[in-house]
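The structure presented is a predicted model; accordingly, all values stated were derived computationally and were not measured. Positions are given from 1 along the sequence.
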Amino acid sequence: MNAKPLTSVLIRRAHQGDAASLYAIHQRSVNAFCAAHYSEEHLAEWFLGRSEAIYQGALHAGKIWLAEADGRVLGFVEAMLGEVTLLFVTPEASGQCVGQQLLEHGVRLAAAEGPGLVTVIATKNAVSFYERHGFQSVEDQYFERGDPPRRYDVVKMVRAAPLPASASPS
C-alpha cells in the first residue's frame, strides 16, 4: 500500500490532560489492527482493569509524544532509553505515514545517548510495519492478561540506533 503522508503533522510532547485521548487511541488502534491476529477474547481482555491512569508515569516523565493534524490527535509514541515502548495510531491515520513519523521520533529519543540497538515489542500485526522500518525479529515473547491469564504472543525486535545529530559528519 502506498502511504499518503499528511503534510501538517505536528509531533508534540503529551501532557497530563492528554491521558483520555491516549487511552481512546490505544483502544481504537488495538481493536482495529489487532483483530486479524488475536481472538475476540484477547481483544475483550486487552484493557480489562486498565484505565487512562496507565500513562500517568510516562506523562509525568515526559516520555509520550503525540501526532496531531487539523486539531485531531492521530497517534502517540512512548520511548525511553533504548526502547520504543508504545506506538499506536488511529485507524484514520493508517497509511498516511503518521506511524512512521512517530516511530522515527521515538527511535531518536530511544537512541539519545548514541549508537546501539533500539528495541520494540511488536504485536503480531505490527511485525511487518517494524520490518519495513529496519527492525529485525530476535525473540518470540508474550504477555498475559485476564483471570485466568490469557497469553498474547508478541515479537521482540531490534534496529541499530542512528547516530545523534551532533555526531553526524558535517
Side-chain angles (χ1 to χ4, degrees), residues 9-69 71-94 96 98-112 117-130 133 135 137-159:
V9 174
L10 167 71
I11 296 178
R12 67 160 175 88
R13 190 182 306 266
H15 51 75
Q16 298 294 324
D18 292 316
S21 292
L22 298 175
Y23 191 60
I25 290 167
H26 198 162
Q27 288 182 305
R28 289 184 63 219
S29 182
V30 165
N31 288 324
F33 302 122
C34 295
H37 297 275
Y38 297 91
S39 72
E40 287 182 27
E41 292 82 9
H42 282 99
L43 296 177
E45 292 179 348
W46 203 295
F47 292 94
L48 197 62
R50 302 172 89 194
S51 72
E52 60 192 53
I54 63 176
Y55 311 103
Q56 291 305 318
L59 286 168
H60 182 71
K63 297 188 180 294
I64 299 180
W65 295 76
L66 297 178
E68 292 180 320
R72 298 173 299 137
V73 178
L74 302 174
F76 69 94
V77 66
E78 177 186 354
M80 61 179 61
L81 189 58
E83 185 175 6
V84 175
T85 51
L86 294 174
L87 174 60
F88 293 94
V89 298
T90 62
E92 341 35 275
S94 179
Q96 298 185 63
V98 173
Q100 175 184 341
Q101 290 176 60
L102 284 166
L103 177 61
E104 292 307 321
H105 187 80
V107 165
R108 283 191 302 276
L109 295 170
L117 293 178
V118 173
T119 300
V120 299
I121 304 299
T123 53
K124 293 189 300 184
N125 56 289
V127 170
S128 63
F129 168 80
Y130 289 113
H133 297 288
F135 283 82
S137 299
V138 293
E139 182 181 9
D140 290 333
Q141 297 183 345
Y142 66 93
F143 65 89
E144 293 180 338
R145 295 258 193 286
D147 185 21
R150 182 176 309 280
R151 180 181 167 136
Y152 293 73
D153 292 325
V154 293
V155 179
K156 179 178 180 180
M157 304 181 78
V158 297
R159 169 181 140 177

### Query
Which pair of non-hydrogen atoms, one from A111 and one from V118, has the smallest distance, and what is that distance?
CB-CG2, 4.2 Å
### Message
Ring centroids only, cut at 6.0 angstrom: are F47 and Y23 within range, meaning strictly under it?
### Response
yes
### Task
Scan for salt bridge (Lys or Arg N to Asp or Glu O under 4.0 Å) pairs involving residues 10-34, sequence neighbours excluded, and state none if there are none.
R12-D18, R12-E68, R28-E92
### Query
Hey, does V107 have a side-chain heavy atom less than 4.5 Å from the side chain of V84?
yes
#### Entry: Donor-acceptor pair, side chain of S29 and main chain of V89, under 3.5 angstrom
yes
#### Entry: Considering all heavy atoms, the nearest A32-P91 contact
CB-CG, 3.6 Å
### Query
Less than 4.5 Å apart, any side-chain heavy atom of L22 and any of V73?
no
### Message
If the condition is side chain to side chain donor-acceptor pair (under 3.5 Å), which residues does E41 pass it with, not counting sequence neighbours?
### Response
S39
### Task
Starting at CG of L74, measure out to CG of L102 and round the result to the nearest 0.5 Å.
8.5 Å
### Task
Working to the nearest 0.5 Å, report the span between OG1 of T85 and CG of L109.
10.5 Å
### Summary
All heavy atoms of I121 vs all of E83, minimum pair found to be CG1-OE2, 4.0 Å
### Query
Which pair of non-hydrogen atoms, one from A110 and one from L81, has the smallest distance, and what is that distance?
O-CD1, 3.5 Å
### Task
May I ask you to check whether over 12 heavy atoms, not counting those of Y142, lie within 6.0 Å of atom OH?
no
### Message
Rounded at 0.5 Å granularity, tell me how far CD in E78 sits from CG in L59.
### Response
8.5 Å
#### Entry: Distance, nearest 0.5 Å, that separates CG of D140 from NZ of K124
10.0 Å
### Query
Among F129, Y130, F135, whose ring-ring contact (aromatic ring centres under 6.0 Å, His included) with H133 holds?
F129
### Task
Quick one: list whatever passes salt bridge (Lys or Arg N to Asp or Glu O under 4.0 Å) with E104, sequence neighbours left out.
R159
#### Entry: Close side-chain approach of T123 to W46, heavy-atom, < 4.5 Å
yes
### Task
Considering non-hydrogen atoms only, spot the tightest contact between V127 and A122 and give its length.
CG2-CB, 4.1 Å
### E52: side chain to side chain donor-acceptor pair (under 3.5 Å) partners, not counting sequence neighbours
none
### Message
Could you check whether any side-chain heavy atom of N125 comes within less than 4.5 Å of a side-chain heavy atom of Y38, counting everything from C-beta outward?
### Response
yes
## Note on the structure
d(Q96 CD, T90 OG1) to nearest 0.5 Å is 8.0 Å
### Considering all heavy atoms, the nearest Y152-H42 contact
OH-O, 2.6 Å
### Message
Let me confirm one number: the CZ-CD distance from R145 to E45, rounded to the nearest 0.5 Å.
### Response
10.0 Å
### Query
What residues form a side chain to side chain donor-acceptor pair (under 3.5 Å) with D153, not counting sequence neighbours?
R151
### Message
Once side-chain hydrogen bond (donor to acceptor under 3.5 Å, both in side chains) is applied, what residue pairs with a partner in residues 53-65 remain, sequence neighbours excluded?
### Response
H26-Y55
